[in-house]
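Comments concern the structure below.
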Number of protein chains: 2
Amino acid sequence: MAGNGNRLDDAARAAWLYYIAGNTQEEIAAKLGVSRQSAQRLVSQAMAAGLVKVRIDHPIAECLRLATDLKARYDLQFCDIVPSGLDSDSTTIGIAEAAATEIERWLTREDPIVLTIGTGRTLKAAVECLPRIDCPHHTVVSLTGNISPDGAAAYYNVVFTLASVVTAKTFPMPLPVIASSASERKMLHDQKIVRSTLAMAERADVSFLGIGELGESAPLYVDGYITHDELLALQKTGAVGEIVGWAFDADGEIIQGLTNERVASAAIPSRDTSLVIGIAKGSVKRAAIRAAVAAGLVNGLITDEATARALLA
Amino acid sequence: MAGNGNRLDDAARAAWLYYIAGNTQEEIAAKLGVSRQSAQRLVSQAMAAGLVKVRIDHPIAECLRLATDLKARYDLQFCDIVPSGLDSDSTTIGIAEAAATEIERWLTREDPIVLTIGTGRTLKAAVECLPRIDCPHHTVVSLTGNISPDGAAAYYNVVFTLASVVTAKTFPMPLPVIASSASERKMLHDQKIVRSTLAMAERADVSFLGIGELGESAPLYVDGYITHDELLALQKTGAVGEIVGWAFDADGEIIQGLTNERVASAAIPSRDTSLVIGIAKGSVKRAAIRAAVAAGLVNGLITDEATARALLA
DNA sequence: ACATTGAATGAATAATTGCTCAAAACATTG
DNA sequence: CAATGTTTTGAGCAATTATTCATTCAATGT
């Protein structure tokens, strides 16, 4: 009723009445003067629009244990394990929320920090879980370029998504993800703005990075940043994973040459002076994750129970 | 203890699978190796134990919370808070629409009601938001006179505006707002038509009233119903606000004497037997609104977020 | 050992929620 | 203004979730 009002407003109202006030959808329908079905639609729209944030406030003992073990085994500063259904290879569910919680924890700090962020599906999902946070005193820097091969904005670059929900000062990288040549990369990196952004990235206090795999469905390849031949070449030199574009082998050694000569991303921030959290799960990424934590490419990890077990086995 | 903690662990896990991973309770039961109803019990235990935190990320959510708090704090039957834009002192925007919605809700009822209405800019704006409503079974009564000091129709008397858009039986008060003397008021009120209108007002089911302030820009003064000296006199006795002309102090006590001896309006309808909704916002009206709700001059309130916060502070 | 109590369980059932589909309302275009 | 495509709506139905109730099980006191 009430004329037009914003549709999302009503959705939020309905969601509030449903989740917070514990009303049944029929009661909501009555209060809002719509049919029960419409009330149901409003609630699920609020859901779909990501207005509803649920968090479980309990350290599940088993996950805690795994986290402690992993921290000891791989000398991690930070580790969060999310419960998994026994079979779960299902995308980003779970760790995205956990990552969002951790990002939120950092962005709600009083003292100003520099947070750097990578790319990827998981990270994107995590940022979409974030509530609005007012934190103009913080700085968010993207480690990766935001221009996709076809010149469009890179879809999985998350800095803009983050900026739309958080009031921190944000610095995207006005670069392609992978330059066409080593010399082009040098030229791009010599630009004044890029240099200052790269410099800022080096002052990171905390970083959130996806860990990508380099199999047939490697995101770098699937999203068109590298060709199939380039992928094969990487695999041939033993590359098993990639962080902000930098391919590394099973020992966590950054591959020399090949596409790594042209990766336009900033270097992974120092693990000696800052917290670098990798976020990934799933059996297909296992080798990549293991290499990354074993070699100390990251000193923090958010993953799920199944992956944690595999990393400890 | 141990049993209890373990149980909560499972509850947390079940809640996690349910709310975050979106599993159905049957799936959870399978994964946790318990029966479906046990899974249900775990989830609801997690709920009861407060493990599950839901948050709605939308300004509306805050408004609903404020409304609930205000209802509890001031023992209100009804409260609606509209989000305030950045310029929170800007006239009637927002609450007018909200008031219109509530008026409409009452006028679209099947069973016949008596609705009484006051005056003022906010109420005028509210009525102008109303759609056409066919409701000949309802009765609308003005609580205030509709004759301005210069003999013309009082501009902010809303009964005529309302009548132009709604088919209810409407009863204006063929009176000045403030009589020239106490005896004139008595004489006027003794008229047969006025008496029946006043009697009708006493049978109100719901009332919509503006809350006016009594500072330098008090509507009563600005619109010429009282002189500047009368305004000063009221202020001197501690008057902070006014409803349908009746001035009251910071404790919500109706001022004795002064202009109140000549206010020709009907009394504010009973808050014990009917819903009396005050509609006002803005920092300049804060004291008046606080006094009105605290003393129970009204038992319903429509205001904005900023004012609601101030009332709770 | 045995009765008593109280929590936990699963079956049955009631209530609520989610989905599909056809009709209606709406907007757009020729 | 008719024709068209799109969105919104509510009814009916299927799926899911909550509650009730009789029963079991284990623990405790007599």
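Letters A, B, ... mirror the listed sequences (proteins, then strands); counts begin at 1. These numbers come from the heavy atoms of this one structure, side chains and all, not from hydrogens, waters or symmetry mates.
- For the pair A/Tyr19 OH and C/dT16 P, the interatomic distance rounds to 16 Å; values are reported in whole Å.
- The listed nucleotides are D/dG10, D/dC13, D/dA18; the one nearest the side chain of A/Arg36 is D/dC13.
- For the pair B/Leu32 CG and C/dT9 C1', the computed distance is 16 Å after rounding to whole Å.
- Across the interface with DNA chain C, nearest-nucleotide mapping of A/Arg41 and A/Asn23 shows A/Asn23 to be the residue nearer the 5′ end.
- For the pair A/Gln25 CD and D/dT16 P, the interatomic distance rounds to 15 Å; values are reported in whole Å.
- If you take CG of B/Leu42 and P of C/dA7, they are 17 Å apart, rounded to a whole angstrom.
- Of the side-chain N and O atoms in A/Tyr18, one or more sit less than 4.0 angstrom from OP1 or OP2 of C/dT17.
- The phosphate of D/dA18 (OP1 or OP2) has a side-chain N or O of B/Gln40 nearer than 4.0 angstrom.
- What you find for A/Cys135 and A/Val166 is that their closest heavy atoms are SG-CG1, 3.6 Å.
- With hydrogens and angles left out, the side chain of B/Gln37 and the base of D/dA18 share no donor-acceptor pair within 3.5 Å.
- Not one side-chain nitrogen or oxygen of B/Ser44 sits closer than 4.0 Å to the OP1 or OP2 atom of D/dT17.
- Test B/Val276, B/Ile277, B/Ile117, B/Thr122 against B/Leu209 for side chain to side chain contact (heavy atoms under 4.5 Å, CB included) and you get one pass: B/Val276.
- Regarding B/Gln45, its CD atom lies at a distance of 13 Å from the P atom of D/dA18, rounded to whole Å.
- Here the CZ-OG1 distance, from B/Phe171 to B/Thr139, works out to 6.0 Å after rounding to the nearest 0.5 Å.
- Between B/Arg271 and B/Asp75 no salt bridge is recorded (no basic side-chain N to carboxylate O distance below 4.0 Å).
- Rounded to whole Å, atom P of D/dA18 lies 13 Å from atom CD of B/Glu26.
- Between the CG atom of A/Leu51 and the CZ atom of A/Arg13 there is a distance of 13.0 Å, given to the nearest 0.5 Å.
- Considering only side-chain N and O atoms, A/Ser35 lies nowhere under 4.0 angstrom from the phosphate OP1 or OP2 of D/dT9.
- The side chain of A/Thr24 contributes no N or O atom lying less than 4.0 Å from OP1 or OP2 of C/dA15.
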